[in-house]
Amino acid sequence: MEYNFRDIETKWQSYWDKNKTYKTGIETSKPKYYVLDMFPYPSGAGLHVGHPLGYIASDIYSRYKRLKGFNVLHPMGYDAFGLPAEQYAIQTGQHPAITTENNIKRYKEQLTKIGFSFDWDRELRTSDPEYYKWTQWVFVELFEHWYNNKSQKAEPIINLVNIFEKDGNTKLNAACNTVLVVFSSEDWKSFSDHRKQEILLDYRLAYLADTLVNWCPELGTVLANDEVKEGFSVRGGFPVVQKEMKQWSLRISAYAERLLNDLEKLEWTDSLKEIQRNWIGRSEGAEMIFKIKDMDAEMEIFTTRPDTSWGVTFMVLAPESDLVNKVTTQEYKDDVQKYIDLTKKRSERERMTDAKNVSGQFTGAYAINPLTNNEMPVYISDYVLMGYGTGAIMAVPGHDSRDFKFARHFNLPVIQVVVKKGEEPTDTATWEDSCDSKEGKMINSGFINNLDVNEAIEKTIQFIEEKGIGKGRINFRLRDAIFSRQRYWGEPFPIYFKDGLPYPVAKENLPLELPEVDAYLPTEKGEPPLGRAKSWKNEDGYPYELSTMPGFAGSSAYYLRYMDPNNKNALVSEEANEYWQDVDLYIGGTEHATGHLVYSRFWNKFLFDIGWVSKDEPFKKLINQGMIQGRSNFVYRVKGTNRFVSLNLRKEYDITPIHVDVNIVSNDILDTEAFKNWNPEYKNADFVLEDGKYICGYAVEKMSKSLYNVVNPDVIIEQYGADTLRMYEMFLGPLEMSKPWDTNGIDGVHKFLRKFWRLFHDENNNFALSDDNPADNELKVLHKTIKKIQDDIERFSFNTSVSAFMICANELTELKCKKRGVLEPLLVLLSPFAPHITEELWQFCGNSESISYAVFPEYNEKYVKESTYEYPVSFNGKMRFKIELPIDINPKEAEEKVLKHEMAQKWLEGKSPRKVIFVPKKIVNIVI
RNA sequence: GCCCAGGUGGCGGAAUUGGUAGACGCGCUGGACUUAAAAUCCAGUGACCAUUAUGGUCGUGCGGGUUCAAGUCCCGCCCUGGGUACCA
C-alpha cells in the first residue's frame, strides 16, 4: 500500500475521537503531568501556520510523557471574550456570541486536523456562563477579602471589621488606598453603616476608586497598562489619554513582594523572570516629609537616595497632584493653571516623544528641607508622574540627569554631594550633565560627610526615622490592575449598587448572565453598552454595575478549571486540585510576560491564601515558543506598465516591488497564470523571464494578511498531511527562537515519512516485516536513536530529533533492515511527532490498541558500546588526520601510536613534539 | 538610555561540559531508471589556491585576550530582534 496520508489521518482522528483515546481522569496509580498551552482567542482569520507551533511542541511532550507512564492532562479551550467580535458586532449588528461560536468551530476543525492529543471533554470557553460563573465567584471573593501585611496573606473582610471594632485602624498594617483617615474603635462604632462600607472599600482586594486611567475614546473603554503601547491601544492602534474615572481595580500591588520573591522557585527562562522583575520594579529608599513654608501643608516624597538630601535645590510636583492647588500662591495661580491645561492637552505620546524638552512652572511655594532647613522652590512639571511613588520628588540636579536639565533650564543651583573614588570635587557650573553617584564618598552633606554612599543611605534613614521626618520604605512600580471595561462582550460584574455603594450578588445567584442589548454602543448618556439592557437590576430593583471585566479576567484561573471542568459546586474540587496540583509545563508566547502571567500568578496566590488551591505558584516550568515570521515574495512591476520583470533582471528597469501571494509561488518561482487570475488588475500582465522562469524576490516580515504571506495549515495538510506539518514545524529550528516560515523545505520532511513508510514495505508496497533477530549493527542504530530522541525531547530540542529520525531512517534503509525487533520500537519513538502514520503502521504490526498506550523503548547502552574510537589528531589545534585506537588505551600507548603514524611524521617535519595532549574519547593534540 | 535574546554556507539550521565547524534538510549541479514525466536512487556542493591521486590556505558579525585547543570563556565594539522607560 502507498503512504496515503489523507486516508490515514482522517481514519485515526475519528478513531481517537470515537474511542476517547486521550480522555484523562484522576488515576492515583500513575504520576500526573499537566501540559498546558496558552489558549487562543478565536479570531475570524482562523489559524495560520505560526499558531500551532507551541501546540505541536506541547503535544509531542504530552505524548512522550504518556509513553513514559504518566497520566497526562493536556486540555484546550478558548479565550472567547474580546474586542474583535464586539467591533464586528458594532459594524454588523451580529451578536458577538454568534461570531465567537463560528470562529471557535473553525478553530476546532483546524486543530483537529493537526492531530493533537487533547482531552476534548475538558474543552472550555471563557464566555460560557457555566465558566464565567467562577470568574465572577473569584471576583466576589476578592471583594470580600483584604490583605494583611503582617500575616502576608489575604484575610476575610469580617476579620477586618473585628479589628476595627477592637482597635480602629491605628494598629493595622494593611494594603489599602492612600486617602485614609485614622480612627479609633470608638470612632468606628460611631460611623454610619454607609460610612463603614466606604471605609471597607478602601481595603478590599477588589475595590472601586477614582483612578487615573488609560482612556481610549475610539474604543470607548479604559485599558490596562499592558494594553497600551506608546500611547496607542495595542488592539486597534487608537490614541489613549489619561483620565480620572471611578473604576474597579484589583489590589495586585499587595502581592508585589511575593510575586517578586517567588520567581526564584520557577523554572522559567531568566529573561522572562527579568521582564517580570522589571515590571514589578522594587526599589528601596525612604519616604520623607517636607513642610511648606508659611503654609499648613506638607509634601511627602519617595527617594531611593535619602543620602543626597543635602544636594536638593528644588522640589517638583506632578501636575495632577492634589497638592498643587493647596500650595500654589495667588500670584502664580494663573500660570500654574495654564501649565496644567497644557499638560492635559498633550497626549501620552507627545509627552513621551518630547522627553528631551524641559517644561515646568514655579508654584510660588517653598518647601523646607528637614535635614538642612534650607528653603527650596516648589515647581510642577510633567516629568514627575502621579502614578509612581507619591507624585512628588526632591530634585538632586547634581546627580540626576532629568533634575539637572530642569535646573539648567530654570537657572537653579546645582550642588555636588558625591565624589567618586580617586576624584576631586569640581565646579558644578562647568558640568554638562549630572554625574553618576552610585558609588563614592559624600561631601557637602553635614553629618554624613566622608561616608560611602551605602553607609550614608543607612545613616540618613536611621536619622530621619529618629527625628520623625520620614522612614525607610520599599516602593513598587507594579500598579493595581484596573478591572473595568466599558464594553459589552465580557463578564458582567456580580455587583449591584445601593445608595451609591457596591454590594456583591449572592454567590448562589451566580452566574449573573450577560443581558441582551439593542446595540453594542454606549448610551446617549455615555454609559457603557450594558446601560441599554432592559431592567439590568436585581430583584430588589438595585442597578447592576454597567462595566464588564477585561480580557485577563477569564484567563487568570482557567488552568484550574481544566482540572475539573464540569464541577457545578466549585471552580475546582479539592480532590482534583490535590491530584493535578499545578501546571508542570506551560508553553506560550512572550507577549504575555507582563500581562497574563502576572495576573494569573496573583489570582493563584489569592486562591492559595483562601485555601482553594494547594500550590502558591500556577506554572512550574514555562517555555516561550518563538514567533513564526512570514516570508514574503515580491514581483517587480516596470513603472507605469503592466509588465513584470524577474528578480535578477530588475536592475535594468525602473521598477516597483509589489507583494505577491506566497501561495502562488513555489521555490520563489511565480505561477504566472495563477498570478494573472489573482487580481483583475494583472489579467493582462506580461513577464520578462529568466531561464524561462519568473523568479520572485523575498523578505522576512511579520506574517500578515496585508503582506500576502500568510500560510494556512489546512493547505499544508491537504498537500502533505498533518504528520509532515507537525514535523516540519519542529524541524524549522529551535522552539524558542523566532524563525521565518518557508514552505520550500517541507519536501525533505515529507520524503522522510515516505522513506519511513517504505521501511515497513517490500518493493511491491506490501507490508512486510521479518521476525528474525536483529543484528548488532541494527540494534546499534535503534538504541543510538532512542537515546538521542529521549535526550532531545527532555530538553525540548525537537528540531534535532527530527534530524535524528532522518539519520536513523537513512541508516536502516542502507542496512535493508525490515526487522520487527527494530522497527516496532522505532514506531513508538516516532509516535509523539507523527501520530497518524505510526498508528497505522502499529496496527499493521498486529497491535489492537492505540500506540498512545505503548511503552517508550528502554535504552540499552550495551548495543552502542564501541571497542575503538577514531581520534582526530591535531597539530597546534589544527586537525590533520584520524587514527583508530582502542577505547581503553592508556595515554602513553596512545601517544606512541599516534607519533608512529606516517602522517604524524610528515607534520612533525623531524622535530620532536613539545607536548602531547590526549583527551580520552575526544581528541589528540600535538604541540610543536 | 537600560534589560534580555541572537549574529555560523545560497537558505533553515547542527555542534548538549572548551576538544574533528557546517550534522540533517532545502536549493543547486551531474548521473541512473523511464518513450516521457512524476516518484525513487546515486554522486558532488563553505570560500579560495592547486590539481598528479594524495593536498594547502582562509573561515562561525568586528577588534583584542585567555588556552595545548575558542562558534563556545573574558574585555571592547558593530548590527538585528524583543522588552521597558521622564520610575525619583
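Since the structure is predicted, the reported quantities are computational estimates derived from the model, not experimental observations. Lettering follows sequence order; numbering is per chain, from 1.
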Please determine whether a side-chain nitrogen or oxygen atom of [X] lies at a distance below 4.0 Å from atom OP1 or OP2 of [N].
X: K755(A); N: C41(B); answer: yes
X: R277(A); N: U84(B); answer: no
X: K878(A); N: C58(B); answer: yes
X: R477(A); N: U84(B); answer: no

Nearest to the side chain of [X] - [options]?
X: L732(A); options: G12(B), C26(B), U84(B); answer: G12(B)
X: R754(A); options: U16(B), C87(B), U40(B); answer: U40(B)
X: M879(A); options: C24(B), U20(B), A15(B); answer: U20(B)
X: W279(A); options: C11(B), U84(B), A88(B); answer: U84(B)
X: T800(A); options: A14(B), C87(B), U16(B); answer: A14(B)

Side-chain ion pair, [X] and [Y], N-O less than 4.0 Å:
X: D668(A); Y: R631(A); result: yes
X: K784(A); Y: E811(A); result: yes
X: E432(A); Y: R408(A); result: no
X: R795(A); Y: D792(A); result: yes

Separation of the [atom1] atoms in [N] and [M], to the nearest angstrom:
N: C73(B); M: U60(B); atom1: P; value: 15 Å
N: C33(B); M: A38(B); atom1: C1'; value: 13 Å
N: G82(B); M: G30(B); atom1: P; value: 41 Å
N: C58(B); M: A70(B); atom1: P; value: 13 Å
N: U57(B); M: U51(B); atom1: C1'; value: 15 Å
N: A47(B); M: C42(B); atom1: C1'; value: 26 Å
N: A23(B); M: A14(B); atom1: C1'; value: 5 Å
N: G27(B); M: G22(B); atom1: P; value: 22 Å

Hey, are K915(A) and N925(A) close enough side-chain-wise for a donor-acceptor pair under 3.5 Å? no
Can you list the residues that meet the salt bridge (Lys or Arg N to Asp or Glu O under 4.0 Å) rule with E895(A), with sequence neighbours excluded? none
Distance in angstrom units between [X] [atom1] and [N] [atom2], rounded:
X: Y720(A); N: A39(B); atom1: OH; atom2: C1'; answer: 14 Å
X: L385(A); N: A88(B); atom1: CG; atom2: C1'; answer: 9 Å
X: E729(A); N: G13(B); atom1: CD; atom2: P; answer: 14 Å
X: E274(A); N: C2(B); atom1: CD; atom2: C1'; answer: 11 Å
X: F881(A); N: G55(B); atom1: CZ; atom2: P; answer: 12 Å
X: E814(A); N: C41(B); atom1: CD; atom2: P; answer: 12 Å

Are side-chain heavy atoms of Q629(A) and M703(A) found at a separation under 4.5 Å? no
K921(A) charged N/C atom sitting above Y869(A) aromatic ring, 6.0 Å / 45°: no
Contact class for [X] (heavy atom, under 4.0 Å): base, sugar-phosphate, or nothing?
X: R880(A); value: sugar-phosphate
X: S803(A); value: base
X: T590(A); value: nothing
X: I917(A); value: base
X: W907(A); value: sugar-phosphate
X: V927(A); value: sugar-phosphate
X: N925(A); value: base

Determine whether more than 12 heavy atoms belonging to other residues, nucleotides or ligands lie under 6.0 Å from atom CZ of R914(A). no
Assert: residue with more 5' nearest nucleotide on RNA chain B, out of D792(A) and A804(A), is D792(A)
Which sits closer to the 5' end of RNA chain B, N810(A) or Y869(A), going by the nucleotide each is nearest to? Y869(A)
Assign G9(B) to syn or anti; the rule is syn for a glycosidic angle within 90° of 0 and anti otherwise. syn
Classify the angle between the aromatic ring planes of F881(A) and H901(A) as parallel (below 30°), tilted (30 to 60°) or perpendicular (above 60°). parallel
Quick one: the side chain of K882(A) and the base of U20(B), do they pair up donor-acceptor inside 3.5 Å? yes
Polar side-chain contact K788(A)-U16(B) base: donor and acceptor under 3.5 Å: yes
In dot-bracket form, 5' to 3', how is RNA chain B paired? Count Watson-Crick and G-U wobble pairs only if both distances fall under 3.5 Å, and write | where the partner sits on another strand. (((((((..(((......[....)))((((((.......))))))((((.....))))..(((((..]....))))))))))))....
